[in-house]
Amino acid sequence: MANKIQAIRGMHDILPPQIYLWQHVETAIRTLMHCYDYQELRLPIVETTELFKRSIGEVTDIVEKEMYSFSDRNGDGLTLRPEGTASCVRAAIEHGLLDTPRRFWYQGPMFRHERPQRGRYRQFHQLGIEVFGLPGPDIELELILLITRLWHNLGLKQLELQINTLGNPDERANYRNVLVTYLQQNYTKLDVDSQRRLQQNPLRILDSKNPELQDILTKAPILLEYIGPKSLEHLEQLKINLSACNINYTINPRLVRGLDYYTHTVFEWVNNNLGTQGTVCAGGRYDNLVEQLGGRPTTAIGLAMGIERIVAMLIDHNHVINANQLDIYFITASNTAQTQAFIISEQIRDKIPQIRIQVHCGGGSFKSQFKKADRNQARYAMILGDDELTRKVVGIKSLRDQNQQIEVSFLDLINWLQTHIMSQPPSNL
RNA sequence: GUGGCUGUAGCUCAGUUUGGUAGAGCACUGGAUUGUGGCUCCGGUGGUCGUGGGUUCGAGUCCCAUCAGUCACCCCA
């Protein structure tokens, strides 16, 4: 085995048993989206680099140093999508989907060239939800209720909902100036990172985890004080709605999203047990992006959820998914018997499509075949030896209780299976 | 991208201090029971000790580089 090839950094295979958690999460999402009448979109994984530059913002970390960009054969600049909103907006404009309010969702891999860490990968998976044409706090309430229900359905607790508003672009720009002036007065007290961000994205400084900065930051001007009455009224209405629906939340005046396009309401669910990558779901309103990307002015709001982080939380909660167990493991004594077992199995599948049967392959003694049956957690072993074959019966042995092994004739088999297997729920192991 | 810690069988780990030809448990597999699983007992397969170089008579062990994981920062889902 000459130098073996391994998966590239930060990109992971998802295998059993974890795959069952993924399927569980994906099913929960699909069901919920269906119930709230959101429509699924399948979007390309590769887009023009220009799309992300124009939507996420030229001076963000994502665009500056985290994108997987390359030249297509004809020289076009392409990029593996680092997030989904841009693609979704592009598609909505391109296909004329913005004539009326629309609710969309999508799911799939995203790519960012960051240093991998638990809960942060170079290929990771997101659920994205985007709603177009609804400007009010009502749709914000709906999204929060929807996600809250998802947590409930997945059995996830200890998620804290944080909310803030960034106001409209004018208010935000105004605040930005005030903040920059304040921070410049304290320039020497800032750390190197924050000094750099002062030029590029000063709002992010508010998010700094450096304890030495906390004093300066708590005394910094507060965004909410520079927000106009209309924007404040928007936030107030959302707060009233949330309280009416018994949703707990905290207002976090320092909550600033990393992407340039956000306006007004932003929110995020944080889990403190996940280490530093605690944000599990985050989103906000982006009322100007559609126009920015060449569409007619259309309000929009969206959110993104990190599937890896959800799965990590489920694992932390010791959430075990029982893969449905195998109903029948078919054991045979000879090639002739095995062929007959395949024929019988197909007849069973014709009549009972949902049944799970595996015909033993690979030979071996009865003993080793029974061992396999047991390790595959089958409920029943079905035995077809030469003796049974001539008498046209199969032996059936329950592997999960002490019931005696019985014989059932080929003719009665379907009937027997329907009454004994499909009518009884599998016992949990 | 910066810094700390870790890397030995499919998995969990011992062995590293004081350099001397690679170990355990689980898993897999065969047998005890020649057509019957789970429990028990006995045997077997499986490792270029992450990779590459260096020091040495000799390196899993010491040194350097590199790759990967992990934690924190940066950033973000």
Side-chain angles (χ1 to χ4, degrees), chain A residues 1-12 15 17 56 60-66 82-85 107-129 147 191-194 196-197 200-201 204-205 207-211 256-259 268-271 274-283 302-313 329 331-334 337 360 362 364-389 395-402 404-405 429:
Chain A
M1 201 164 52
N3 45 14
K4 60 184 168 192
I5 297 172
Q6 53 185 22
I8 57 186
R9 186 172 209 194
M11 306 201 180
H12 294 283
L15 310 171
I56 298 169
T60 56
D61 276 27
I62 290 177
V63 170
E64 278 187 337
K65 50 190 192 193
E66 293 177 1
E83 58 105 37
T85 301
Q107 189 196 11
M110 308 292 165
F111 302 84
R112 289 182 204 171
H113 193 105
E114 300 178 275
R115 183 108 164 210
Q117 199 173 320
R118 184 162 114 104
R120 190 177 72 187
Y121 306 98
R122 290 185 175 178
Q123 175 175 337
F124 61 103
H125 297 77
Q126 282 187 338
L127 160 69
I129 303 177
I147 295 296
D191 58 20
V192 181
D193 281 323
S194 296
R196 175 178 56 80
R197 278 182 295 192
Q200 304 198 329
N201 198 346
R204 296 285 317 171
I205 298 175
D207 247 358
S208 174
K209 287 169 196 157
N210 186 342
V256 175
R257 313 296 349 284
L259 282 52
E268 104 182 14
W269 279 268
V270 181
N271 166 38
L274 233 47
T276 183
Q277 310 300 330
T279 301
V280 158
C281 181
L303 61 84
M305 204 181 85
I307 309 288
E308 279 83 355
R309 292 180 186 182
I310 301 296
V311 170
M313 282 187 72
Y329 197 86
I331 289 170
T332 60
S334 63
H360 176 83
S365 64
F366 265 46
K367 180 188 174 63
S368 64
Q369 294 190 48
F370 267 98
K371 255 185 190 166
K372 265 268 161 25
D374 189 50
R375 304 224 165 127
N376 288 345
Q377 307 191 332
R379 296 169 66 193
Y380 291 92
M382 202 174 262
I383 303 111
L384 188 61
D386 295 330
D387 176 44
E388 286 87 351
L389 196 54
I396 297 177
K397 179 173 183 177
S398 172
L399 301 178
R400 300 292 153 231
D401 56 39
Q402 298 305 317
Q404 282 267 300
Q405 180 170 333
L429 294 177

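Lettering of chains follows the sequences in order, A, B, ..., and the numbering in each one begins at 1. Scope of the values below: all heavy atoms of this structure, side chains included, with no hydrogens, waters or symmetry mates.
With sequence neighbours left out, A/R375 forms a salt bridge (charged side-chain N to carboxylate O under 4.0 Å, His left out) with no residue at all.
Rounded to a whole Å, the NZ atom of A/K65 is 8 Å from the P atom of B/C75. Regarding A/D374, its CG atom lies at a distance of 12 Å from the P atom of B/U29, rounded to whole Å. Rounded to whole Å, the distance from CE on A/M313 to P on B/A77 is 17 Å. Look at CZ on A/R400: it is 19 Å from P on B/U36, rounded to the nearest Å. As rounded to whole Å, 13 Å separates atom C1' of B/A68 from atom CD1 of A/I8.
Between A/E83 and A/D386, the residue anchored closer to the 5' end of RNA chain B is A/D386, taking for each the nucleotide with the nearest heavy atom. Comparing A/E388 and A/I307 by the nucleotide of RNA chain B whose heavy atom lies nearest to each, the residue mapping closer to the 5' end is A/E388.
Counting distance only, with no hydrogens placed and no angle test, the side-chain atoms of A/K367 and the base atoms of B/G35 include no donor-acceptor pair under 3.5 Å. Side-chain atoms of A/R112 and base atoms of B/C75 include no donor and acceptor less than 3.5 Å apart.
Relative to the side chain of A/T279, the nucleotides B/A68, B/A77, B/C76 differ in distance, and B/A77 lies closest.
Within the structure, a side-chain polar atom (N or O) of A/R197 is placed less than 4.0 Å from OP1 or OP2 of B/C75. Under 4.0 angstrom from either OP1 or OP2 of B/U29 there lies at least one side-chain N or O belonging to A/K372. Contact annotation: A/R309 does not reach the phosphate of B/C76 (side-chain N/O to OP1 or OP2, under 4.0 Å). Remark: A/R115 is not in phosphate contact with B/C73, judged by side-chain N or O atoms under 4.0 Å from OP1 or OP2. Remark: A/Q117 is in phosphate contact with B/A72, judged by side-chain N or O atoms under 4.0 Å from OP1 or OP2. A/R375 has a side-chain polar atom (N or O) that falls below the 4.0 Å cut-off from OP1 or OP2 of B/C28.
For B/U36, the base is not stacked against the aromatic ring of A/F366, per a cut-off of 5.5 Å between centres and 30° between planes.
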